[in-house]
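Report on one structure; see the data block that follows.
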Amino acid sequence: MFNLLRMDLRRLFRTRSFYIMLGVTAAFLMMTVAIVSVAMDQAKLDALESTGLVVTGGDSEDMMELLHGMNQLDFLHECLGSGFLLALACIGVTLFVNGDFSSGCVKNICFARPRRWEYVLSKILIAGLYTAAITILGVLVSLVCPIFMGLHLETSSFTEILQYAFWMWPPTWAFSLLGLALVLLTRSSTLSVIMAVVAGGGLMAALLQSLCQGFGWPDLTQYLLNMVVRSQCAPMPDGDRIAMILGCSLGWAALYAAGSFITMEKRDI
């Protein structure tokens, strides 16, 4: 298994899709910060309006007041807590794992290492490293970009930022395993990418919430990973929130991992 992990690590840092996903993450966050910097600067808004661009927003004053009162941790959560980080992590893992099947490399791997559980376990660990890299990059870009965009945020302690990044990682890792399970099931990246966008963006949560309200069920949406990220990771989680983050992350990770193991054992390569 360690040989597989070492091989996957070499492949990861030589794969273009890994750097493309990091670049997309950084570009999206820089664009987000740039839009926020314009919204917070009345001079920039006036300059845009002078060019003929119509800037709308009935609560623009309230929005500016809210943004000006933000500290770094709040701003970090506004940038990363929307669920897009989950979607990008899942898409990245999907593309990486699907490369084995599109290239036929998986046949050579499973011929040399007949125990397929080692293959799945290696991919689970690689997914953890992949999501850690995307999470760290997201935190760094979200903290550095405001400085260059002229945003003045109240300083948060390094410990708070570090804790936030750490508790963002487990649900992101667990969500990325959805891509692993779907690729092993379908041998294609299409469904995994669609599910990453739909579930990470919150559409699944909205549909489930409508069902719960329509049938009078308890609020099940709170256990979905994108809702855990939005509502549990900030402000700084207490004991109950930590239990919620760990419980949901471990639960979904176990479900996706079990599905991956079963699929890999039952299906022919």
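Numbers here are sequence positions counted from 1.
Side chain of Ser156 to backbone of Leu73: a donor-acceptor contact under 3.5 angstrom is found. Side-chain N or O atoms of Arg230 include none that pairs as donor or acceptor with a backbone N or O of Gly83 at under 3.5 Å. Listed for the Ser210 side chain is a donor-acceptor partner under 3.5 Å among the backbone atoms of Ala206. Of the possible donor and acceptor atoms, none in the side chain of Thr15 sits under 3.5 Å from a partner among the backbone N and O of Ser17. Remark: side-chain polar atoms of Gln232 are not paired, donor with acceptor, to backbone N or O of Val229 under 3.5 angstrom.
Leu88 and Met21 get closest at one heavy-atom pair: O-CE, 3.4 Å. In this structure, Phe75 and Pro146 approach most closely via the heavy-atom pair CE2-CG, 3.5 Å. Between Val120 and Ser260, the shortest heavy-atom contact is CG1-CB, 3.8 Å. Closest approach of Ala34 to Met149, counting heavy atoms only: CB-CE, 3.9 Å. Across all non-hydrogen atoms, the minimal contact from Leu86 to Asn226 is CD1-CA, 3.5 Å. For the pair Ala26 and Val141, the tightest heavy-atom approach, listed with the atom from each and the gap, is O-CG1, 4.0 Å.
Taking the centre of each ring, Tyr130 and Phe18 come in below the 6.0 Å mark.
Looking at heavy atoms from C-beta onward, Thr172 lies out of side-chain contact with Ser176 at the 4.5 angstrom threshold. Between Val183 and Ser188, every side-chain heavy-atom pair lies at or beyond the 4.5 Å cut-off. Using a 4.5 Å heavy-atom threshold, the side chains of Ile91 and Val197 count as touching. Counting heavy atoms from C-beta outward, Val228 and Tyr223 have side chains that stay 4.5 Å or more apart. Between Val97 and Ile126, every side-chain heavy-atom pair lies at or beyond the 4.5 Å cut-off. Put simply, the side chain of Cys248 reaches to within 4.5 Å of the side chain of Met244, judged on heavy atoms. Residues Leu9 and Leu129 form a side-chain contact, since some pair of their non-hydrogen atoms from C-beta on lies under 4.5 Å apart. Put simply, the side chain of His77 reaches to within 4.5 Å of the side chain of Tyr164, judged on heavy atoms.
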### Task
For Met264 and Tyr119, run side chain to side chain contact (heavy atoms under 4.5 Å, CB included): C-alpha distance rounded to whole Å, both residues' side-chain angles, the deciding distance at 0.1 Å, then the answer.
CA-CA 9 Å; Met264 197 64 178; Tyr119 175 85; 3.4 Å; yes

### Message
If you apply the rule side chain to side chain contact (heavy atoms under 4.5 Å, CB included), what do you find for Asn3 with Met7, and how did you get there?
### Response
CA-CA 6 Å; Asn3 290 332; Met7 181 189 69; over 6 Å; no

### Trace of the side chain to side chain contact (heavy atoms under 4.5 Å, CB included) decision for Val24 with Ile20
CA-CA 6 Å; Val24 170; Ile20 290 173; 4.3 Å; yes

### Message
side chain to side chain contact (heavy atoms under 4.5 Å, CB included), that's the test. Do Leu177 and Leu180 meet it? Break it down for me.
### Response
CA-CA 5 Å; Leu177 298 182; Leu180 170 63; 4.1 Å; yes

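Taking CZ of Phe101 as the reference point, atom OG1 of Thr186 lies at 9.0 Å (rounded to 0.5 Å). Leu250 CG to Leu255 CG: the interatomic distance, rounded to the nearest 0.5 Å, is 12.5 Å. Atom CH2 of residue Trp252 and atom CZ of residue Phe175 lie 10.0 Å apart, to the nearest 0.5 angstrom. Atom CG of Leu85 is separated from atom CE of Met168 by 5.0 Å, given to the nearest 0.5 angstrom. Distance CG/Leu76 to CD/Glu160: 11.0 Å, rounded to 0.5 Å. To the nearest 0.5 Å, atoms CG (Leu4) and CD (Glu118) are separated by 6.0 Å.
Under the 3.5 Å distance criterion, with hydrogens and angles disregarded, no donor-acceptor pair is assigned to the side chains of Trp173 and Ser249.
Placement of Val139 and Val144 in two distinct hydrophobic clusters is found when ILVMFWY residues are connected by side-chain heavy-atom separations under 4.5 Å, directly or transitively. Phe158 and Leu153 are not part of a single hydrophobic cluster, where members link through side-chain heavy atoms under 4.5 Å apart. A single hydrophobic cluster is not seen to contain both Tyr256 and Leu185; linkage of ILVMFWY side chains at heavy-atom distances under 4.5 Å, directly or through other members, places them apart. Side-chain heavy atoms closer than 4.5 Å link hydrophobic residues (I, L, V, M, F, W, Y) into clusters, and following such links, possibly through other members, connects Leu224 to Leu220. The hydrophobic cluster containing Ile136 does not contain Trp167, counting ILVMFWY residues as joined when their side-chain heavy atoms lie under 4.5 angstrom apart, directly or transitively.
Heavy atoms of other residues, nucleotides or ligands lying less than 6.0 angstrom from OH of Tyr19 number more than 12.
With sequence neighbours left out, the side chain to side chain donor-acceptor pair (under 3.5 Å) criterion links Asp8 to Arg11, Ser122, Lys123. With sequence neighbours excluded, the residues satisfying side-chain contact (heavy atoms from CB on, under 4.5 Å) with Val198 are Ile194, Leu203, Met204. Among residues two or more places apart in sequence or in another chain, the ring pair (Phe, Tyr, Trp, His ring centres under 6.0 Å) test is passed with Phe261 by none.
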